[in-house]
A.B. asks: 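Mind having a look at this structure? Questions to follow.
Only this structure's heavy atoms are used, side chains among them; waters, hydrogens and symmetry mates stay out.
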Amino acid sequence: MSLDVGHLPLVGGHPALDLVNTLERGSPLDGGPPHDSLSDASALLRWAARAGLVSDAEHDRAGRAWRDDPASARAGLAAVRDIREGLHVVVLATIRPAGGGPDGDASGPAEGDASGPAEGDPVAAGAALVALHERWAGAAARAALVLDRGDPPRVRLTYGTIPAMLIPDRAAEAALDVLRTADLTRVRRCPTHEGGCGWLFLDQSRNGSRRWCRMADCGNTAKARRLTERRRAARDDTP
């Protein structure tokens with residue numbers, strides 16, 4: 001699914017899951033490395049604004065800081081990629097098998113899927129949580145308490161007070177938010193072993209039956225492939 005970041009569908013149901021989906025999951029059809037939509041700091045800036053991680057004004061502030069200090073741009077991109085992969089490992093470990101056993105997961109990676117660690121790996125998930133906590137702790141140390149004089153007034157914690165670290169800090173905040181507040185039993189993985197892309201999403205359907213990241217894309221492709229296979233099998237069975 002080699003899409004430019006400006007055309008990348010936002011299907012995760014949460015900015016943190018959309019971040020995970022910026023890297024191609026599953027096994028690329030051409031056998032090459034997975035496509036990374038966050039190819040550089042400029043792509044990250046565009047994605048962060050499009051996904052709602054930052055406002056337009058914050059996008060401009062972060063962009064100026066990164067243009068003035070290219071090293072901070074490279075560090076910011078590396079930090080966001082680290083958060084992305086750590087979150088991917090942790091979320092995979094939360095996905096429950098749909099078929100009642102380790103081999104029955106209709107949303108998990110099929111045999112030979114090179115997208116990352118196996119689902120449910122507690123060692124990998126534990127290490128990823130430690131790394132995510134370190135990223136979040138750094139972001140929290142740079143955060144500020146702000147008084148909103150609304151009705152009623154309230155105090156909120158604002159992440160991203162330093163322009164060069166704004167986007168990495170917001171990514172760390174989003175990762176913590178999805179892990180602590182989302183219903184992780186509703187997280188699904190577009191089934192790679194049925195032709196899906198491996199993206200993660202929150203199933204917000206009433207009966208929890210959503211299987212595809214987008215029915216118009218992965219779902220219809222899989223249905224068309226199954227129809228072709230049935231027709232081929234019928235021809236082969238015809239004397």
Side-chain angles (χ1 to χ4, degrees), residues 1 3-25 35-63 66 73 76-95 116 128-129 131-140 142-143 146 156-190 197-205 210 212-214 217:
M1 196 172 289
L3 298 175
D4 176 82
V5 71
H7 299 95
L8 198 66
L10 302 176
V11 300
H14 190 286
L17 297 182
D18 285 321
L19 173 61
V20 170
N21 297 339
T22 58
L23 181 67
E24 184 179 21
R25 305 296 173 178
H35 175 72
D36 191 345
S37 295
L38 303 184
S39 55
D40 54 27
S42 175
L44 173 56
L45 277 169
R46 286 190 291 147
W47 176 84
R50 186 164 174 263
L53 209 63
V54 297
S55 67
D56 290 343
E58 290 169 336
H59 165 279
D60 293 343
R61 287 205 300 272
W66 284 358
L77 177 61
V80 172
R81 285 173 169 172
D82 283 348
I83 292 167
R84 177 182 65 185
E85 295 317 297
L87 183 61
H88 186 228
V89 171
V90 173
V91 173
L92 284 185
T94 72
I95 296 177
L129 280 172
L132 286 173
H133 180 266
E134 290 176 352
R135 291 288 185 188
W136 169 79
R142 290 183 288 270
V146 177
R156 58 185 173 84
L157 186 62
T158 301
Y159 291 81
T161 59
I162 299 175
M165 292 299 296
L166 196 160
I167 293 178
D169 287 355
R170 291 287 174 81
E173 177 193 16
L176 178 69
D177 182 71
V178 76
L179 291 176
R180 292 187 65 245
T181 68
D183 181 356
L184 298 181
T185 67
R186 286 278 186 155
V187 175
R188 305 286 184 264
R189 186 171 189 263
C190 191
C197 63
W199 278 1
L200 301 178
F201 58 89
L202 282 171
D203 179 3
Q204 297 172 330
S205 63
R210 180 180 165 194
W212 307 97
C213 67
R214 290 189 304 167
D217 191 347

A.B. asks: Could you state the interatomic distance from CG (Asn21) to NE2 (His88), rounded to the nearest 0.5 Å?
C.D. replies: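 One finds 8.0 Å between CG of Asn21 and NE2 of His88.
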A.B. asks: Let me see the working for Val187 and Leu202 under side chain to side chain contact (heavy atoms under 4.5 Å, CB included), right down to the final yes or no.
C.D. replies: CA-CA 5 Å; Val187 175; Leu202 282 171; 3.7 Å; yes
A.B. asks: I'd like to know if the side chain of Trp66 and the backbone of Ala164 have a donor-acceptor N/O pair within less than 3.5 Å.
C.D. replies: yes
A.B. asks: Does Thr161 reach the main-chain N or O of Arg142 with its side chain, forming a donor-acceptor pair under 3.5 Å?
C.D. replies: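 At least one qualifying donor-acceptor pair exists.
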A.B. asks: If you round to the nearest 0.5 Å, how far is NE2 of His14 from CG of Leu19?
C.D. replies: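 Reported value, rounded in 0.5 Å steps: 11.0 Å.
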A.B. asks: One pair to check against side chain to side chain contact (heavy atoms under 4.5 Å, CB included): Val54 and Arg61. What are the steps and the verdict?
C.D. replies: CA-CA 10 Å; Val54 297; Arg61 287 205 300 272; over 6 Å; no
A.B. asks: Got more than 12 heavy atoms from elsewhere within 6.0 Å of CG, Asp183?
C.D. replies: yes
A.B. asks: Just verifying a value: how many Å separate Leu87 CG and Leu179 CG, rounded to the nearest 0.5 Å?
C.D. replies: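 Going from the CG atom of Leu87 to the CG atom of Leu179 covers 5.5 Å.
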A.B. asks: Give a yes or no on whether the backbone of Val11 and the side-chain of Asp18 come within a donor-acceptor separation of less than 3.5 Å.
C.D. replies: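 The answer is yes, because a donor-acceptor pair under 3.5 Å joins these two groups.
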A.B. asks: Side chains of Arg188 and Arg210: closer than 4.5 Å at any heavy-atom pair?
C.D. replies: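 No. Closest side-chain heavy atoms not under 4.5 Å.
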A.B. asks: Measure the spacing between CD of Glu173 and CG of Leu53 and express it to the nearest 0.5 Å.
C.D. replies: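 So the gap between those two atoms works out to 8.0 Å.
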A.B. asks: Can you measure from CG (Leu38) to CZ (Arg46) and round to the nearest 0.5 angstrom?
C.D. replies: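 Answer rounded to 0.5 Å: 10.0 Å.
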A.B. asks: In a check of side-chain contact (heavy atoms from CB on, under 4.5 Å) between Ile95 and each of Leu184, Leu200, Thr185, which one passes?
C.D. replies: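 Exactly one option meets the side-chain contact (heavy atoms from CB on, under 4.5 Å) with Ile95, and it is Leu200.
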A.B. asks: So which heavy atom on Leu17 is nearest to which on Gly12, and how close?
C.D. replies: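 Smallest interatomic distance, heavy atoms only, reads CD1-O, 3.4 Å.
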A.B. asks: Determine the minimum heavy-atom distance between Ile167 and Ala48, stating which atoms define it.
C.D. replies: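 Of all heavy-atom pairs spanning Ile167 and Ala48, the closest is CD1-CB, 3.9 Å.
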A.B. asks: Under 4.0 Å between a Lys/Arg side-chain N and an Asp/Glu carboxylate O for Glu85 and Arg25?
C.D. replies: yes
A.B. asks: Is the NE2 atom of His59 crowded by more than 12 outside heavy atoms at less than 6.0 Å?
C.D. replies: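 Result for NE2/His59: enclosed.
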A.B. asks: Which atom pair, heavy atoms only, marks the closest approach of Cys213 to Cys197?
C.D. replies: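 What the structure gives for the nearest pair is SG-SG, 3.5 Å.
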A.B. asks: Looking at every heavy atom in both Ile83 and Pro168, which two are closest together, and how far apart are they?
C.D. replies: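 Scanning both residues completely, I find the closest heavy atoms to be CD1-O, 3.6 Å.
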A.B. asks: Are the side chain of Arg135 and the backbone N or O of Ala172 linked by a donor-acceptor pair below 3.5 Å?
C.D. replies: no
A.B. asks: If we ignore hydrogens and angles and just use 3.5 Å, is the side chain of Thr94 paired with the main-chain N or O of Val91 as donor and acceptor?
C.D. replies: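 Yes; at least one donor-acceptor contact below 3.5 Å.
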A.B. asks: Identify the two heavy atoms, one from Leu45 and one from Gly63, that lie closest to each other, and give their separation to 0.1 Å.
C.D. replies: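 Closest approach of Leu45 to Gly63, heavy atoms only: CD1-CA, 3.7 Å.
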A.B. asks: Closer than 3.5 angstrom, by distance alone: can the side chain of Arg186 be matched with the main-chain N or O of Ser205 as a donor-acceptor pair?
C.D. replies: yes
A.B. asks: Donor-acceptor pair, Trp47 side chain versus Val5 backbone, under 3.5 Å?
C.D. replies: no
A.B. asks: When rounded to the nearest 0.5 angstrom, what distance separates CH2 in Trp199 from CD in Glu24?
C.D. replies: 9.5 Å
A.B. asks: Can you name the closest pair of heavy atoms from Ala143 and Leu157 and give their distance?
C.D. replies: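 Scanning both residues, the minimum pair turns out to be CB-CD1, 3.7 Å.
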